[in-house]
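So that the names make sense, note that chain A is the first sequence line, chain B the second, and so on, each numbered from 1.
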2 protein chains.
Amino acid sequence: MTVQRVSRSSRSTAFKEVRSRLRSRGLRWTPQRRALIDVLSATDGHVTGAELVELCRDRDPETTPSTVYRTLEVLEEIGLVKHSHGRDGRQEFHIAPASEHGHAICENCGEVRELSEGDVAGLVGSLGKRGFAVDLSHLTVGGLCPRCGNSGVPLA
Amino acid sequence: MTVQRVSRSSRSTAFKEVRSRLRSRGLRWTPQRRALIDVLSATDGHVTGAELVELCRDRDPETTPSTVYRTLEVLEEIGLVKHSHGRDGRQEFHIAPASEHGHAICENCGEVRELSEGDVAGLVGSLGKRGFAVDLSHLTVGGLCPRCGNSGVPLA
DNA sequence: GAGCTTGCTGCAAGAGGTTGCATTAGCATC
DNA sequence: GATGCTAATGCAACCTCTTGCAGCAAGCTC
């Protein structure tokens with residue numbers, strides 16, 4: 001439950017931007033959405049849905065999961081966040097980066113690393129030739145990271 | 001709930017093999033396991049956990065989910081089945097093939113296609129150089145298949 | 001065939017996530 | 001500021017697994 005601090009100003013800038021993006025689509029700006037965006041802008045890396053619900057509850061104990069998940073859906077639609085699936089298939093969210101990317105997840109320690117364009121170029125090209133348009137944010141590969149792969153007891 | 005028919009003989013061959021594989025590890029052969037293997041050997045492609053529970057219930061309405069999921073775990077341990085995660089993060093099982101492979105899942109129609117070694121060679125090599133040992137059965141990529149990508153309304 | 005060990009089952013409870021529906025409340029308009 | 005449209009919320013129920021535990025039974029030994 002470590003939360004990275006960001007400056008007050010960058011946070012409120014994010015608010016205004018999201019608010020106008022919502023409004024331009026006829027969507028509404030509610031306290032619950034504000035809280036979630038606040039939480040999201042203060043977190044780093046990848047967060048699971050359950051963690052976000054938990055963090056929102058820290059701010060407002062009344063928070064209900066369905067609202068959080070529905071808001072995340074909306075935020076993904078307007079391009080603010082992206083979700084991918086962790087090693088156990090659970091959803092993980094992160095603030096949308098400049099470029100889409102895949103993820104490599106260590107099946108032992110759970111560490112997530114982002115894949116570079118070079119890593120996936122072959123796969124994207126190969127599938128592209130067969131007419132399959134790859135969605136990089138939904139490219140997940142499991143395996144063992146260097147630390148876990150080299151140790152004596154890689155898997156439980 | 002479509003179930004592919006296979007010959008009686010190939011089915012009972014599978015039984016004997018699994019039974020001995022279990023016994024050699026000190027594991028037991030129970031009616032519930034027999035039922036699940038029966039179901040598995042009669043299905044084609046990828047099945048979700050819930051579907052397997054349902055199919056087992058068709059044979060024995062007493063079937064409980066926990067038994068099915070625990071049996072699937074055991075069968076994966078002895079190498080009979082493999083699981084991967086579908087587009088919504090749900091578990092999908094399939095009878096273990098000769099070689100491990102990744103999956104490409106269409107985010108529109110849900111179709112699953114298997115990735116060839118050539119498709120993933122670049123990614124596996126690239127990650128391998130950095131010390132990450134790829135587990136091919138946990139390589140999943142989302143996107144749009146040729147049918148859905150070319151149609152006028154690719155996504156809902 | 002009886003006894004014994006211990007792996008397996010079924011139950012119940014719980015976690016994470018989704019969905020339907022009645023109610024509430026943004027916000028545009030007057 | 002009052003009104004009305006409708007998006008968003010909160011609740012409850014549900015789905016898909018997962019886990020702990022007590023009791024059952026597979027199958028080894030004698």
For L22(A) and dT6(D), give me the distance from atom CG to atom C1', rounded to whole Å. 16 Å
Between CG of L136(A) and NZ of K82(A), what distance do you get to the nearest 0.5 Å? 10.0 Å
Rounded to whole Å, please give me the gap between CG in L55(B) and P in dT16(D). 13 Å
Measure the distance from CZ on R34(A) to C1' on dA8(D) and round it to the nearest whole Å. 17 Å
Residue set satisfying side-chain hydrogen bond (donor to acceptor under 3.5 Å, both in side chains) with E73(B), at least two apart, ordered chain then number -> none
H85(A) NE2 to dC17(D) P, in whole Å, measures 13 Å
Of all pairs that satisfy ring pair (Phe, Tyr, Trp, His ring centres under 6.0 Å), the ones with a partner from residues 105-125 of chain B, not counting sequence neighbours: none
Test item: E107(A) and D135(B) side chains (from C-beta on) under 4.5 Å apart, heavy atoms: yes
Below 4.0 Å: OP1/OP2 of dG10(D) and any side-chain N or O of T64(A): yes
Where the side chain of R33(A) meets the backbone of R28(A), is there a donor-acceptor pair that is under 3.5 Å apart? yes
Nucleotide by nucleotide, nucleotides 16-22 of chain C touches protein heavy atoms under 4.0 Å in the pattern (B base, S sugar-phosphate only, - none) SSBBBB-
Rounded to the nearest Å, what distance is computed from the CG atom of residue L72(B) to the C1' atom of nucleotide dT19(D)? 16 Å
For E111(B), is there an ion pair with R147(B) - N to carboxylate O distance below 4.0 angstrom? yes
When the distance from CZ of R25(A) to P of dA28(C) is rounded to whole Å, what number comes out? 17 Å
Protein heavy-atom contacts under 4.0 Å, written 5' to 3' over nucleotides 23-30 of chain D as B (base), S (sugar-phosphate only) or - (none), form the string --BBSS--
So, does E92(B) use its side chain to make a donor-acceptor pair with the main chain of H83(B) at under 3.5 Å? no
Which protein N or O atoms sit under 3.5 Å from an N or O of nucleotides 1-3 of chain D?
none

Under 3.5 Å, side chain of R21(A) to main-chain N/O of I78(A), donor-acceptor pair present? yes
For residues 32-67 of chain A, the ring pair (Phe, Tyr, Trp, His ring centres under 6.0 Å) pairs (sequence neighbours left out) are H46(A)-H94(A), H46(A)-H103(A)
Hey, is the main chain of S116(B) close enough, under 3.5 Å, to the side chain of D119(B) for a donor-acceptor pair? yes
Rounding to an integer number of Å, can you tell me how far H83(B) NE2 sits from dT16(D) C1'? 14 Å
Quickly work out the E62(A) CD to dT23(C) P distance and round it to whole Å. 20 Å
With rounding to the nearest 0.5 Å, note down the distance linking OG1 in T67(B) to CG in L72(B). 10.5 Å
Can you check whether Q32(B) has a side-chain N or O nearer than 4.0 Å to OP1 or OP2 of dG10(C)? yes
